[in-house]
Q: 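Following this message is one structure expressed as structure tokens.
Excluded from the calculations below are hydrogen atoms, water molecules and symmetry mates; all remaining heavy atoms, backbone and side chain alike, are included. Just so we're clear, the structure is a prediction, and the values are computed from it rather than from any experiment.
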Amino acid sequence: LGIGDRVLCHINGLEGPDVEGYRIEAVPIRKLPREKRRLIGIFRASTRSGGTIEPVDRRSLRSWPVQKSDIGEAKDGDLVRFDVGCTYDGYWSDVGRTAVVGGPEALQADRYAAILAGEDAQLDTIGAGVTAGQLFDVAVATVERHGLRPYRRHHCGHGIGSAVYESPSVSPAGRDEVLQAGMVLCLETPFYEIGWGGMMVEDTVVVTEAGHRRLTHSDRSLRVIST
């Protein structure tokens with residue numbers, strides 16, 4: 001998780017709108033030690049011209065494929081979604097952040113505030129004895145209470161460890177999954193709208209008797225990529 005967080009710490013320093021998606025992603029990746037470069041992070045950006053920027057580490061195309069026709073220039077107002085993960089000694093990481101090129105419009109800021117509130121509510125709720133279904137319910141209810149409705153998700157998190165998706169699922173299917181101290185979960189509240197774009201915030205936590213210990217520490221705000 002520290003590897004992925006280090007990548008995300010470079011968001012504010014990414015280059016301007018004339019830089020293609022692959023090069024944007026390569027800036028933080030090149031700063032990692034060679035033995036830690038098995039990064040399979042991905043980000044997507046929707047552009048005003050209707051295309052998308054969707055790069056992945058080309059050495060590990062097990063993630064979503066990139067269509068060359070989709071790679072273009074990032075412009076002011078474009079949303080950039082970072083969904084970053086890697087494996088280290090057989091264990092997976094997963095963390096999500098969102099940025100806007102040039103700065104957010106009102107709708108972007110409002111929607112991000114809603115999904116961030118949803119994840120904050122999960123963090124306030126999680127602990128040993130809570131069910132995965134409760135975390136799903138509180139996330140959806142909080143996002144909708146903050147104005148983003150309807151908020152439809154099939155899950156708002158998952159277990160993680162030797163596989164990127166493990167039990168329990170933070171979803172209606174997890175209503176009977178009681179969390180125990182020591183479990184590791186990703187909590188997330190993504191939002192996608194066709195024709196508008198996508199955004200997310202995702203963090204990894206260890207469940208404790210008193211609540212949780214967060215393992216991801218990068219800035220969770222809606223970041224700005226300067227142009």
Side-chain angles (χ1 to χ4, degrees), residues 1-5 8 40-42 44 62-64 81-98 110-193 198-222:
L1 282 164
I3 299 171
D5 251 1
L8 293 171
I40 60 167
I42 168 178
R44 298 173 174 174
R62 293 175 297 171
S63 296
W64 294 267
R81 184 175 66 87
F82 295 82
D83 194 1
V84 179
C86 65
T87 59
Y88 189 81
D89 285 346
Y91 290 93
W92 286 76
S93 69
D94 194 11
V95 55
R97 296 290 184 264
T98 303
D110 290 346
R111 286 179 165 179
Y112 189 80
I115 66 171
L116 183 60
E119 198 206 33
D120 282 340
Q122 288 182 303
L123 293 170
D124 290 341
T125 303
I126 193 171
V130 174
T131 68
Q134 286 177 275
L135 294 178
F136 177 82
D137 291 341
V138 73
V140 172
T142 302
V143 172
E144 291 191 336
R145 189 168 62 249
H146 282 75
L148 183 49
R149 64 175 74 89
Y151 181 62
R152 298 191 177 99
R153 288 287 301 166
H154 66 281
H155 77 84
C156 288
H158 53 88
I160 189 170
S162 57
V164 70
Y165 285 99
E166 293 185 348
S167 180
S169 173
V170 180
S171 69
R175 296 203 186 281
D176 297 326
E177 294 274 2
V178 179
L179 304 185
Q180 301 177 24
M183 285 183 169
V184 180
L185 277 78
C186 291
L187 302 178
E188 59 181 308
T189 48
F191 174 74
Y192 313 107
E193 182 177 296
M199 51 176 48
M200 73 182 302
V201 57
E202 179 177 20
D203 288 280
T204 304
V205 303
V206 178
V207 178
T208 67
E209 294 290 349
H212 73 280
R213 178 166 59 92
R214 187 155 62 92
L215 301 179
T216 42
H217 304 288
S218 56
D219 187 353
R220 298 166 64 234
S221 66
L222 182 59

Q: Mind checking side-chain hydrogen bond (donor to acceptor under 3.5 Å, both in side chains) for Ser169 and listing every partner two or more places apart, or none if nothing turns up?
A: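 Scan of Ser169 (side-chain hydrogen bond (donor to acceptor under 3.5 Å, both in side chains), adjacent residues dropped) gives Ser171.
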
Q: At their closest point, which heavy atom of Val95 faces which heavy atom of Glu202, and how far apart are they?
A: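 So the two residues come closest at CG2-O, 3.3 Å.
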
Q: Rounded at 0.5 Å granularity, tell me how far OH in Tyr165 sits from CH2 in Trp92.
A: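 Going from OH on Tyr165 over to CH2 on Trp92, the span is 10.5 Å.
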
Q: Kindly write out the residues that satisfy side-chain contact (heavy atoms from CB on, under 4.5 Å) with Ser167, not counting sequence neighbours, or none if the list is empty.
A: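 In terms of side-chain contact (heavy atoms from CB on, under 4.5 Å), with neighbours along the sequence ignored, Ser167 is linked to Glu177.
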
Q: Excluding sequence neighbours, so at least two apart, what forms side-chain contact (heavy atoms from CB on, under 4.5 Å) with Val140?
A: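 In terms of side-chain contact (heavy atoms from CB on, under 4.5 Å), with neighbours along the sequence ignored, Val140 is linked to Phe136, Glu144, Tyr151, Cys156.
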
Q: Return the CG to OG1 distance between Asp83 and Thr98, rounded to the nearest 0.5 Å.
A: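 So the CG of Asp83 and the OG1 of Thr98 are separated by 9.5 Å.
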
Q: Is it true that, when you exclude Arg213 itself, more than 12 heavy atoms of the residues, nucleotides or ligands shown sit nearer than 6.0 Å to its CZ?
A: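 No, CZ of Arg213 has 12 or fewer neighbouring heavy atoms, counting only those of other groups under 6.0 Å.
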
Q: Nearest 0.5 Å please: distance from the CD1 atom of Ile126 over to the CG atom of Leu187.
A: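 Reported to 0.5 Å precision, the distance equals 4.5 Å.
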
Q: So, using salt bridge (Lys or Arg N to Asp or Glu O under 4.0 Å) as the criterion, who are the partners of Arg153 when residues are at least two apart?
A: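 Arg153 satisfies salt bridge (Lys or Arg N to Asp or Glu O under 4.0 Å) with no residue once adjacent residues are dropped.
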
Q: Let me see the working for Asp94 and His158 under side-chain contact (heavy atoms from CB on, under 4.5 Å), right down to the final yes or no.
A: CA-CA 10 Å; Asp94 194 11; His158 53 88; 3.3 Å; yes

Q: Who pairs with Arg175 by side-chain contact (heavy atoms from CB on, under 4.5 Å), at least two apart in sequence or on another chain?
A: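 Asp137, Pro172.
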
Q: Which residue, Val201, Val143, Thr189, Thr142, forms the side chain to side chain contact (heavy atoms under 4.5 Å, CB included) with Leu116?
A: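 Testing each of Val201, Val143, Thr189, Thr142 against Leu116, the sole residue satisfying side chain to side chain contact (heavy atoms under 4.5 Å, CB included) is Val201.
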
Q: Do Val170 and Gln122 have side chains that get closer than 4.5 Å, going by heavy atoms?
A: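 Sidechains of Gln122 and Val170: in contact.
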
Q: Just jot down the side-chain hydrogen bond (donor to acceptor under 3.5 Å, both in side chains) partners of Thr208, sequence neighbours excluded, or say none.
A: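 Testing Thr208 for side-chain hydrogen bond (donor to acceptor under 3.5 Å, both in side chains), a comparison that skips the adjacent residues, returns none.
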
Q: Can you tell me how far the NE2 atom of His146 sits from the CD1 atom of Ile115, to the nearest 0.5 Å?
A: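 Those atoms lie 12.5 Å apart.
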
Q: Mind checking what makes side-chain hydrogen bond (donor to acceptor under 3.5 Å, both in side chains) contact with Glu166, not counting sequence neighbours?
A: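 Partners of Glu166 under the side-chain hydrogen bond (donor to acceptor under 3.5 Å, both in side chains) test: Ser162.
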
Q: Suppose we screen for salt bridge (Lys or Arg N to Asp or Glu O under 4.0 Å). Which residues come up paired with Arg214, at least two apart in sequence or across chains?
A: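 Arg214: salt bridge (Lys or Arg N to Asp or Glu O under 4.0 Å) contacts with Asp203.
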
Q: Can you name the residues that form a salt bridge (Lys or Arg N to Asp or Glu O under 4.0 Å) with Glu119, not counting sequence neighbours?
A: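 Expected list: Arg220.
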
Q: With sequence neighbours left out, write down each residue that passes side-chain contact (heavy atoms from CB on, under 4.5 Å) with Ala113, or none if nothing qualifies.
A: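 Here no residue qualifies.
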
Q: Do Ser93 and Thr204 have side-chain heavy atoms sitting under 4.5 Å apart?
A: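 Side-chain contact under 4.5 Å: no.
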
Q: Can you list everything that forms a side-chain hydrogen bond (donor to acceptor under 3.5 Å, both in side chains) with Glu209? Sequence neighbours excluded, please.
A: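 Counting only residues at least two positions away or on another chain, Glu209 forms no side-chain hydrogen bond (donor to acceptor under 3.5 Å, both in side chains).
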
Q: With a 4.5 Å heavy-atom cut-off, do Arg97 and Thr216 have their side chains touching?
A: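 A side-chain contact exists here, since the closest heavy-atom pair is under 4.5 Å.
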
Q: Rounded to the nearest 0.5 Å, what separates atom CE in Met199 from atom CD in Glu193?
A: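 Answer for the CE-CD pair, Met199 versus Glu193, is 10.5 Å.
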
Q: Kindly list each side-chain donor-acceptor pair under 3.5 angstrom involving residues 127-135, sequence neighbours excluded, with atom names and distances?
A:
unit_1: Thr131; atom_1: OG1; unit_2: Gln134; atom_2: N; d: 3.1
unit_1: Thr131; atom_1: OG1; unit_2: Gln134; atom_2: OE1; d: 3.3
unit_1: Gln134; atom_1: OE1; unit_2: Thr131; atom_2: N; d: 2.9

